[in-house]
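One structure is given here, and the rest of the page talks about it.
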Amino acid sequence: MSVQFPADFVFGAATASYQIEGAVDEDGRGTSIWDTFSHTPGAVVGGDTGDVACDHYHRYPEDIELMRRLGLDSYRFSIAWPRIQPDGAGEANKAGLDFYDRLVDSLLDNGIDPCATIYHWDLPQALEDAGGWRNRDTAHRFADYAALVHDHLGDRVHRWITLNEPFCSSILGYAEGRHAPGAKEGDGALAAAHHLLLGHGFALAALRATDIKNQIGITLNLQPVQPVSDDPADVAAADRSLLLSNLLFTDPVLAGRYPQLARQTWGELSDFGWIRDGDLATIGAPLDFLGVNYYFPSNVKAVPNDEPDASRRTADDIGAKLVIPDGEPLTEMGWPIDADGLNRLMHWLKDTYPGLPPIYITENGRASVDEVRSDGSIDDQDRIEYLRTHLTALAAARGEGVDVRGYYLWSLLDNFEWAEGYAKRFGAVHVDYGTQKRTPKASFEWYRNLVATRQLD
Ligand code: GBH
């Protein structure tokens with residue numbers, strides 16, 4: 001059965017600054033927490049760092065040429081805070097703004113609509129040294145920085161995403177220690193989550209207060225969650241997992257409240273000194289769109305928590321384990337593949353939040369082996385299959401009344417996959433990191449055809 005997307009549906013591809021730019025010491029860029037973390041022995045597989053990455057800072061014209069060939073309607077990139085404010089505060093570094101001027105102007109020259117993420121995890125190290133996202137002041141610093149880049153680029157960039165995946169910045173960064181800054185704390189992580197959301201709210205208010213009227217949203221990584229059995233213990237564990245991965249972020253942003261379950265699981269949130277009167281109204285202010293990153297669903301089993309460390313906020317601490325179904329194919333990340341999960345997630349959002357704003361899928365894709373064949377080609381049929389089935393599920397959700405306006409493939413290029421380094425490849429374009437040679441994969445041609453015809457078969 002063939003599926004048709006309308007002409008105004010936005011087809012894009014996404015990247016993030018630290019994952020592709022490199023040039024970490026150029027033109028006055030400051031140090032970010034990911035520079036520090038990736039240079040910490042043992043933090044990243046293979047000791048990889050983003051020092052060079054895809055060298056996109058220098059090669060962006062070639063990368064935009066690839067986007068033009070792909071026929072993208074839109075390109076989602078992120079702005080590196082330490083290029084703009086090397087120490088996280090004060091006047092803008094002109095050379096940093098210049099880079100994004102060149103990037104945006106060149107995208108527009110090529111008929112590609114830019115979509116800017118203001119924060120995709122590269123916090124200036126100076127702010128981390130002052131407490132990072134544990135510190136309420138960082139939310140104010142973020143809003144200042146957001147206003148600065150929006151004042152400069154808002155005449156040409158009309159879609160803005162405040163934060164990418166505050167779950168990862170808070171829980172993976174401050175509770176699990178798998179991401180920068182590598183902390184393993186409890187309250188620190190919940191305070192970080194709150195201050196990230198508050199930073200989003202302050203930034204939203206700051207951008208809305210200017211004369212330039214743009215579309216403003218936030219991107220959350222969300223998962224449909226289901227228990228592995230009807231056992232009440234598994235059902236309760238699935239509820240706690242839903243809390244940690246979704247509700248902790250969707251409830252404040254889409255309903256201006258913290259979930260009841262948070263109080264049951266973590267104690268009276270009102271006792272948490274970091275939440276002040278008025279914060280939730282700021283965080284829950286109306287959005288123009290919600291960005292959703294979807295990779296796979298959570299199938300949850302209860303696990304006895306033998307060593308409860310109630311001060312931490314990880315999946316283990318809430319007694320929930322993600323179960324990978326036996327015998328089914330996994331991506332190179334070890335992640336399950338469940339395209340219908342994207343449809344379930346769309347319906348969960350629509351059913352849970354009245355007044356839900358329009359949705360953009362701001363990331364979706366998979367890591368594959370991507371073997372380079374002797375003729376130099378890369379025949380990533382498994383990626384094509386992943387994209388085809390997920391877009392089919394998305395079209396079904398649209399047909400069933402979920403207002404989804406666009407889809408961004410993760411990612412345009414192979415890039416620095418955070419704690420996994422360069423070994424994991426998500427790109428529609430292969431990058432040989434030795435030579436920086438770009439080679440479009442079979443999925444590139446497949447996506448080009450989809451964008452051109454708007455038709456899936
Ligand atoms: C995104 O993160 C990032 O935005 C992007 O930069 C990255 O390259 C891309 O995905 C691919 O990884 O095991 O408890 O963390 C996705 C992060 C990974 C968060 C899976 C949720 C599952 C639950 N997501 N994770 S947990």
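Ion pairing between Asp55 and Arg59 holds under the 4.0 Å rule for side-chain N and carboxylate O. Looking at Asp432 and Arg438, no side-chain N of the basic residue comes within less than 4.0 Å of a carboxylate O on the acidic one, giving no salt bridge. Ion pair Asp288/Arg405 not flagged as a salt bridge, since none of the NZ, NE, NH1 or NH2 atoms sits closer than 4.0 Å to an Asp/Glu carboxylate oxygen. A salt bridge does not link Arg425 to Glu417: none of the charged side-chain nitrogens sits closer than 4.0 Å to a carboxylate oxygen. In this structure, Arg178 does not pair ionically with Glu420, as no charged nitrogen and carboxylate oxygen lie closer than 4.0 Å. Taking a cutoff of 4.0 Å between a charged side-chain nitrogen and a carboxylate oxygen, Arg102 and Asp98 do not qualify as a salt bridge. The pair Arg344-Asp351 does not meet the salt-bridge criterion, since no charged nitrogen lies less than 4.0 angstrom from a carboxylate oxygen.
Heavy-atom contacts from other residues, nucleotides or ligands closer than 6.0 Å to CG of Asp155 number more than 12. In Lys94, the NZ atom is not crowded: 12 or fewer heavy atoms of neighbouring residues, nucleotides or ligands sit closer than 6.0 Å.
Relative to the ring axis of Tyr360, Arg159 places its NZ or CZ within 45° and under 6.0 Å from the centre. Under a cutoff of 6.0 Å and an axis angle of 45°, Arg83 and Tyr57 form a cation-pi pair.
Ring planes of Phe249 and Phe167: perpendicular class, angle over 60° (limits at 30 and 60°). Relative ring orientation between Tyr386 and His390 is described as parallel, the plane-to-plane angle staying below 30° on a 0-90° scale split at 30° and 60°. Ring orientation note: the planes of His194 and Tyr258 are tilted relative to one another, at an angle of 30° to 60°.
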Checklist line | Candidate pair Phe99 and Tyr60, rule ring-ring contact (aromatic ring centres under 6.0 Å, His included), full reasoning | finding: CA-CA 10 Å; Phe99 170 68; Tyr60 73 90; 5.6 Å; yes
Next item on the list: Start with the C-alpha distance between Tyr18 and Phe416, add both sets of side-chain angles, then the distance that settles ring-ring contact (aromatic ring centres under 6.0 Å, His included), and finish with yes or no.
Entry: CA-CA 8 Å; Tyr18 190 69; Phe416 177 76; 5.4 Å; yes
Margin query: Please evaluate residues Lys424 and Asp48 with respect to the criterion salt bridge (charged side-chain N to carboxylate O under 4.0 Å, His left out), reporting the C-alpha separation (whole Å), side-chain torsions for both, the decisive distance (0.1 Å), and the verdict.
Written below: CA-CA 12 Å; Lys424 300 289 187 276; Asp48 292 346; over 6 Å; no
Item checked: Derivation of the ring-ring contact (aromatic ring centres under 6.0 Å, His included) call for Phe5 and Phe11 -> CA-CA 10 Å; Phe5 287 89; Phe11 281 111; 5.3 Å; yes
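Checking each of Ser241, Ser298, Ser245 against Gln223 for a side-chain hydrogen bond (donor to acceptor under 3.5 Å, both in side chains) leaves exactly one that passes, namely Ser298. Under the salt bridge (Lys or Arg N to Asp or Glu O under 4.0 Å) rule, Lys441 has a single partner from Asp414, Asp380, Asp379, which is Asp414. The residue from Tyr75, Trp410, Tyr408 that alone fulfils the side-chain hydrogen bond (donor to acceptor under 3.5 Å, both in side chains) condition with Thr15 is Tyr75. A ring pair (Phe, Tyr, Trp, His ring centres under 6.0 Å) with His179 is found for exactly one of Trp121, Tyr174, Phe37, namely Trp121.
From Asp382, atom CG reaches atom CZ of Arg366 across 4.0 Å, with rounding to the nearest 0.5 Å. Atoms CG and CG, on Asn93 and Asp87 in that order, are 10.5 Å from each other to the nearest 0.5 Å. Taking CZ of Phe296 as the start and CG of Asn299 as the end, the distance is 9.5 Å to the nearest 0.5 Å. One distance of note links CD1 of Ile218 with NE2 of His200; it measures 4.5 Å at 0.5 Å rounding. Note that CH2 of Trp81 and CD1 of Ile33 are 10.0 Å apart. Values are rounded to the nearest 0.5 Å. Within the model, atoms CE of Met67 and CZ of Phe77 stand 9.5 Å from one another, a figure rounded to the nearest 0.5 Å.
Closest non-hydrogen pair, Ile118 versus Thr162, comes out as CB-O, 3.5 Å.
In this structure, the ring of Tyr119 has its center less than 6.0 angstrom from the ring center of Trp133. You'll find the ring centres of His140 and Phe202 inside the 6.0 Å limit.
Judged by distance alone, the side chains of Asp51 and His39 do bring a donor and an acceptor atom under 3.5 Å apart.
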